[in-house]
Amino acid sequence: MISASITNGINGSPNIPGDKSISHRSIIIPSISNGICEVNNLLKSDDVLHTLEAFKNMGVKIDEINDKVVIYGNGLNSLKKPKNEIYLGNSGTSARLLTGLLSSQKFNSILTGDKSLSKRPMKRISDPLKTMKANIVTTNGNLPLKIFGNNNLSPSNIKIEIPSAQIKSGLLLASLNTKGETIITEQRITRDHTETMLKSFGANIDIKKIGSKSKITISGQKELKSKNINVPNDLSSSAFFIVSALINENSFLKLKNINNNPTRNGLILALKKMGANISIINKRLSNNENICDMEVYSSTLNGCELGSEIADLMIDEYPILAVAASFANSPSIFRGLKELRVKESDRLELILSNLKNCGVKCETENDDLFIYPSKNYEIKTNIIKTEFDHRIAMAFAVMGTKIGPLQISDSDCIKTSFPSFVNELNKVGGKVY
């Protein structure tokens, strides 16, 4: 358990870790490509390390040299049958992406996870894979999950109804080793790191974005060619520092080398709509990803209303956005947060209950969240329940910098995405112990 107390200001330049989504893909895709890939700035969090161990378990040679991870790939069909079950801890990204990849291999495999991951829905990936003739058996829709490898999947035309980059990525990875042309249509665009990296590795992939939809055509069984990867710093991890600077007086932060991919920068759009003083500078491209630096100043925020369409660009950031909204000058309404209920926890319920315990007036109606800020908050209980959800833990640690002290339960969960979070927050003025 950690305790977060009121700060006198957040100032400096914290070290933000590598992007978690890109780090997962920076292990998976080079492992099935031809050649040697040097990965710089890979996130060394629990979730990513589970992906790393999974591929070592499947015979991929991976060296860790100083700050680099070196992956020796031998092609689409080079993976070996794992010696034991593949344990993925709390990582939903690992589970859903590997389900797709392993469904098209020559061997059978079993995926398992911790108590939290074992409650998350897996039929959302296994069902669309079955249209490709994949043979996957879930445990009442959850992990453990048995995959009976089929090196002869059928190319398909698949429409994804649930906006999820994990589902899309699992299908893309299955399609890589499938003879023929597979077409994947998203009804709403989600983060596109998998497509971006596959394209840079030479996959035969075509991406068309039409309004809010995306149509991806991929011709399988083309071997990928490795190239080195520089993982940008994680915008989702930056979010906690951005909001801590915005809501605390006498604050200024400079964030460097941040991933500013337009399919996941909804938090920045939302905060600017609320009046946040955030400057985006030094824009550039790296491995086809948009990178930038950011300057963040203490700001007077206004409430706002966000429709469900923006949720796809920032679903992971709603816990920290809710904290920001708690200190705005007017109410906020965040609509269409259904996906928050099937994350590492029921995040919507945890946001609601923890805000109420902090004295914030708020309510939910179906999947919409309403926040009515006040000038003064009287803490009802200072124990923050996280249900081992890293984003809830970090969001309410930031809340503690404004109204604390708050006691964050099960704070070890932060290691799944940002092991150095407490040290970095303290380095810029946080008071977390």
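Throughout, residue positions are numbered sequentially from 1 according to the sequence presented. Computed over heavy atoms, backbone and side chain alike; hydrogens, waters and symmetry mates excluded.
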Distance-minimising heavy-atom pair for [X] and [Y]:
X: I136; Y: K130; result: O-CE, 3.3 Å
X: N382; Y: P405; result: CB-O, 3.4 Å
X: P17; Y: L43; result: CB-CD1, 3.5 Å
X: D368; Y: G336; result: OD1-N, 2.9 Å
X: R188; Y: S308; result: NH2-O, 4.4 Å
X: R191; Y: S21; result: NH1-OG, 2.7 Å

Are the charged groups of [X] and [Y] less than 4.0 angstrom apart, N to O?
X: K159; Y: E161; result: no
X: R264; Y: D19; result: yes
X: R124; Y: E339; result: yes
X: D67; Y: K44; result: no

Report yes if some heavy atom in the side chain of [X] is under 4.5 Å from a heavy atom in the side chain of [Y]; otherwise report no.
X: P121; Y: R96; result: yes
X: K215; Y: I183; result: yes
X: K222; Y: I205; result: no
X: K81; Y: S109; result: no
X: L143; Y: T112; result: no
X: E317; Y: S236; result: yes
X: N287; Y: M197; result: no
X: I189; Y: S212; result: no

[X] and [Y]: side chain donor to acceptor below 3.5 Å:
X: N177; Y: N77; answer: yes
X: R25; Y: S169; answer: yes
X: D192; Y: N261; answer: yes
X: S116; Y: N90; answer: yes
X: T190; Y: K168; answer: yes
X: N248; Y: T401; answer: yes
X: D47; Y: S45; answer: no
X: N41; Y: N230; answer: no
X: H390; Y: S417; answer: yes

Is a side-chain donor or acceptor of [X] paired with a backbone partner of [Y] at a separation under 3.5 angstrom?
X: E424; Y: N15; answer: yes
X: S251; Y: G9; answer: no
X: D293; Y: N257; answer: yes
X: N250; Y: N11; answer: no
X: T93; Y: S91; answer: no
X: T182; Y: I218; answer: no
X: K20; Y: G18; answer: no
X: N290; Y: N260; answer: no
X: S3; Y: Y433; answer: no
X: N142; Y: R120; answer: yes

Practice item. Apply side-chain contact (heavy atoms from CB on, under 4.5 Å) to M399 and N354, showing your working. Key: CA-CA 10 Å; M399 186 82 170; N354 284 317; over 6 Å; no
Practice item. Name the orientation class of the two ring planes belonging to F418 and F241 (parallel below 30°, tilted from 30 to 60°, perpendicular beyond 60°). Key: tilted
Check your understanding: Parallel under 30°, tilted from 30 to 60°, perpendicular over 60°: which one fits the rings of F421 and F240?
Key -> perpendicular
Rounded to the nearest 0.5 Å, what's the gap from [atom1] on [X] to [atom2] on [Y]? Could you check?
X: L42; Y: I229; atom1: CG; atom2: CD1; result: 9.0 Å
X: I22; Y: N259; atom1: CD1; atom2: CG; result: 4.5 Å
X: E223; Y: N34; atom1: CD; atom2: CG; result: 5.0 Å
X: S237; Y: L255; atom1: OG; atom2: CG; result: 11.0 Å
X: N57; Y: K80; atom1: CG; atom2: NZ; result: 13.0 Å
X: L145; Y: I86; atom1: CG; atom2: CD1; result: 10.5 Å

Exercise for review: For side-chain contact (heavy atoms from CB on, under 4.5 Å), just list the numbers for K385 and L350, CA-CA rounded to whole Å, side-chain angles, deciding distance to a tenth of an Å, and then say yes or no.
Suggested key: CA-CA 7 Å; K385 184 179 180 182; L350 282 177; 4.3 Å; yes
Taking everything shown except [X] itself, do over 12 heavy atoms lie less than 6.0 Å from its [atom1]?
X: K68; atom1: NZ; value: no
X: K225; atom1: NZ; value: no
X: K213; atom1: NZ; value: no
X: Q221; atom1: CD; value: yes

Practice item. Show your reasoning for whether side-chain contact (heavy atoms from CB on, under 4.5 Å) applies to F327 and V323. Key: CA-CA 7 Å; F327 301 102; V323 170; 4.2 Å; yes
Check your understanding: Can you check side-chain contact (heavy atoms from CB on, under 4.5 Å) on I216 and L171, steps first, answer last?
Key -> CA-CA 11 Å; I216 307 164; L171 293 169; over 6 Å; no
Check your understanding: Who pairs with K61 by side-chain contact (heavy atoms from CB on, under 4.5 Å), at least two apart in sequence or on another chain?
Key -> D63, Y72
